[in-house]
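Every chain is numbered from 1, with letters handed out A, B, ... down the list of sequences.
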2 protein chains.
Amino acid sequence: MTPLREKILITASHLFQTQGINSTGVDTIVAVAGTTKMTLYKYFTSKEKLILEVLDKGHQDFQTWLSNKLNSNTKKPSEKLQKLFEFIEEWVTSPDFHGMGFIKASAEFPSEESPVHQLSSEQSRQFRQYINSLALEANIQDAEGLALQLSLLFEGAAQAEQMKRGSGAMKYAKKAAKILIDGALAQG
Amino acid sequence: MTPLREKILITASHLFQTQGINSTGVDTIVAVAGTTKMTLYKYFTSKEKLILEVLDKGHQDFQTWLSNKLNSNTKKPSEKLQKLFEFIEEWVTSPDFHGMGFIKASAEFPSEESPVHQLSSEQSRQFRQYINSLALEANIQDAEGLALQLSLLFEGAAQAEQMKRGSGAMKYAKKAAKILIDGALAQG
DNA sequence: AGCAGGGTATACAGATTAGTATAATAAGGG
DNA sequence: CCCTTATTATACTAATCTGTATACCCTGCT
């Protein structure tokens, strides 16, 4: 894609994460990105469209990064589950992490009719679905239940880490995940 | 307190939860509460002060409700821990639950310098501290670690329940909590 | 040389925001 | 009946927001 479009996306993403979505005006975005409103509205027909695309890109980046990490570092399905939180920790504690996009977006757009809220909800569901597929491959009985539990831990830890950096939340989330996964594996 | 002040607080709380804090204007609050801006600014010197008080009241209501429930239904410390998520589920799945205030507030006010963010962070810490005290009474070795894990589960589940009502997240959070608590109790 | 397209600069409209100033109204107590 | 206090009604300021309109500039292509 055109570099200017990309730059707007990246800038908006960064500002949304650090200042909040509703608190970030279009003027701020273009000023930081070093362009003008005209070009922004040429590539994105509205601020809402921009928000949706930022969310989409953020989620895709995370998902592909995570599955690449898992696929290139592990082979056994059960191993993937166990390494999952290892890599999630790596992602979440990286210095430029400022919260999972879909968690914050759903908080800023609580109305269920809002397209932003709907996308956030869908992304949360997709992530849970991904863990579910890992659990299924590992022959876990209640795969859906474990996937839900692990996603709760993840969302809680991401939330905590965003609320207070360096809280060490992920370290304990990892331990909790290990206990839950080992239990589910033992149970068949 | 004066009934009008109370009504403004309750109305604001409800609107903040359902529409979001930044998306709720002062005019909307007074219109729904059936009063005028003049009286609102008589009782609350600014919108930020109102937000802080809404957050404070919400957290206090939750904390006192929870500890009352625990103290009147259980006696043994270990029992309190085990019943904890039972009552939390009751709170979170109640029909007028729309998310934990401090979680959403910290998402809408991500900047750490924001007083709203600071209060949210403090409330999250207080809640974790409360679980910590329960764990300590139950003679759990790594009380702090368990408290953190349980609070992660709770925040994740509250988040999930707010994102999609009736998701059943709390049911599985409860199961996960039981596993973690039993493990920690067995370990001494 | 000259044209076209992508980008800039800037000003603007229209709506909405937080917060204030002023005057009118209602009610209760001496 | 009058004084006080609380509340309302309404208009306003000043800032900010999204989105648009207009004119200009620059660069590459032919």
Side-chain angles (χ1 to χ4, degrees), chain A residues 1-56 104-105 107-111 113-119, chain B residues 1-56 104-105 107-111 113-119:
Chain A
M1 302 303 150
T2 88
L4 210 38
R5 193 179 199 282
E6 198 80 1
K7 179 144 199 180
I8 293 175
L9 263 180
I10 292 173
T11 304
S13 172
H14 182 251
L15 288 173
F16 287 165
Q17 283 174 349
T18 53
Q19 324 278 337
I21 300 177
N22 281 321
S23 313
T24 303
V26 180
D27 298 271
T28 309
I29 297 173
V30 298
V32 175
T35 179
T36 64
K37 266 199 287 195
M38 291 313 297
T39 47
L40 187 149
Y41 279 101
K42 183 181 183 180
Y43 290 121
F44 311 92
T45 57
S46 69
K47 189 190 177 183
E48 185 171 79
K49 285 271 166 60
L50 173 60
I51 298 171
L52 291 172
E53 217 163 310
V54 166
L55 275 182
D56 206 51
K104 304 172 70 169
E108 286 207 60
F109 298 81
S111 162
E113 294 119 48
S114 157
V116 179
H117 184 98
Q118 286 170 10
L119 178 58
Chain B
M1 306 298 155
T2 89
L4 211 38
R5 193 179 198 282
E6 197 81 2
K7 178 146 200 180
I8 293 175
L9 263 180
I10 294 173
T11 305
S13 172
H14 181 251
L15 288 174
F16 287 164
Q17 285 175 347
T18 53
Q19 323 278 336
I21 299 177
N22 281 321
S23 313
T24 302
V26 181
D27 297 272
T28 310
I29 297 173
V30 298
V32 174
T35 179
T36 65
K37 266 200 286 195
M38 289 314 296
T39 48
L40 186 149
Y41 278 100
K42 184 181 180 179
Y43 289 122
F44 311 92
T45 57
S46 69
K47 190 190 177 185
E48 186 171 78
K49 285 272 168 58
L50 174 61
I51 297 171
L52 291 172
E53 215 162 312
V54 165
L55 274 182
D56 206 51
K104 304 173 70 170
E108 286 207 59
F109 298 81
S111 162
E113 295 119 48
S114 158
V116 178
H117 184 97
Q118 287 171 10
L119 178 57

Any side-chain heavy atom of A:V26 within less than 4.5 Å of one from A:Y41?
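Heavy-atom side-chain distance check passes, below 4.5 Å.
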[X] has an atom [atom1]; how far is it from atom [atom2] of [N], in whole Å?
| X | N | atom1 | atom2 | value |
| --- | --- | --- | --- | --- |
| B:I8 | C:dG19 | CD1 | C1' | 15 Å |
| B:L50 | C:dT17 | CG | P | 15 Å |
| A:L40 | D:dC17 | CG | C1' | 14 Å |
| A:N22 | D:dT18 | CG | C1' | 12 Å |
| A:Y43 | D:dT20 | OH | P | 17 Å |
| B:K7 | D:dT8 | NZ | P | 11 Å |
| A:K37 | C:dC12 | NZ | C1' | 10 Å |
| B:D27 | D:dC17 | CG | P | 17 Å |

Shortest non-hydrogen contact from [X] to [Y]?
| X | Y | answer |
| --- | --- | --- |
| A:A107 | B:A107 | CB-CB, 3.6 Å |
| B:I29 | B:T11 | O-CG2, 3.8 Å |
| A:Q19 | B:P110 | C-CG, 3.5 Å |
| B:T39 | B:T36 | OG1-O, 2.8 Å |
| B:I21 | B:K47 | O-NZ, 3.3 Å |
| B:L40 | B:L50 | CD1-CD2, 4.2 Å |

[Y] backbone acceptor or donor facing [X] side chain under 3.5 Å:
| X | Y | answer |
| --- | --- | --- |
| B:E108 | A:G20 | no |
| B:T18 | B:H14 | yes |
| A:K104 | A:Q17 | yes |

Any idea which of D:dT7, C:dG19, D:dT18 is nearest the B:Y41 side chain?
C:dG19
Can you identify which nucleotide, out of D:dG19, C:dG7, C:dA18, has its nearest atom closest to the B:V26 side chain?
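It is C:dA18.
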Heavy atoms only, 4.0 Å cut-off, all strands: where does [X] land among base, sugar-phosphate and nothing?
| X | result |
| --- | --- |
| B:T2 | nothing |
| A:K42 | sugar-phosphate |
| B:F44 | nothing |

Listed in order of residue number, which residues of residues 29-36 of chain A have a non-hydrogen atom at under 4.0 Å from DNA chain C?
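Under 4.0 Å from DNA chain C: A:G34, A:T35, A:T36.
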For C:dT8, take OP1 and OP2 only and decide whether either is under 4.0 Å from a side-chain N or O of A:T39.
yes
Does B:K47 contact C:dG19 through a side-chain donor or acceptor facing the base, at a distance under 3.5 Å?
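Between C:dG19 and B:K47, which were checked side chain against base, a qualifying N/O pair under 3.5 Å is absent.
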Here's a test of your reading of the structure: between A:S23 and A:M38, which maps to the more 5' nucleotide of DNA chain D?
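The residue closer to the strand's 5' end, by nearest nucleotide, is A:S23.
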Where along residues 10-20 of chain A does a heavy atom fall under 4.0 Å from DNA chain D?
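Going residue by residue through residues 10-20 of chain A, none turns out to have a heavy atom under 4.0 Å of DNA chain D.
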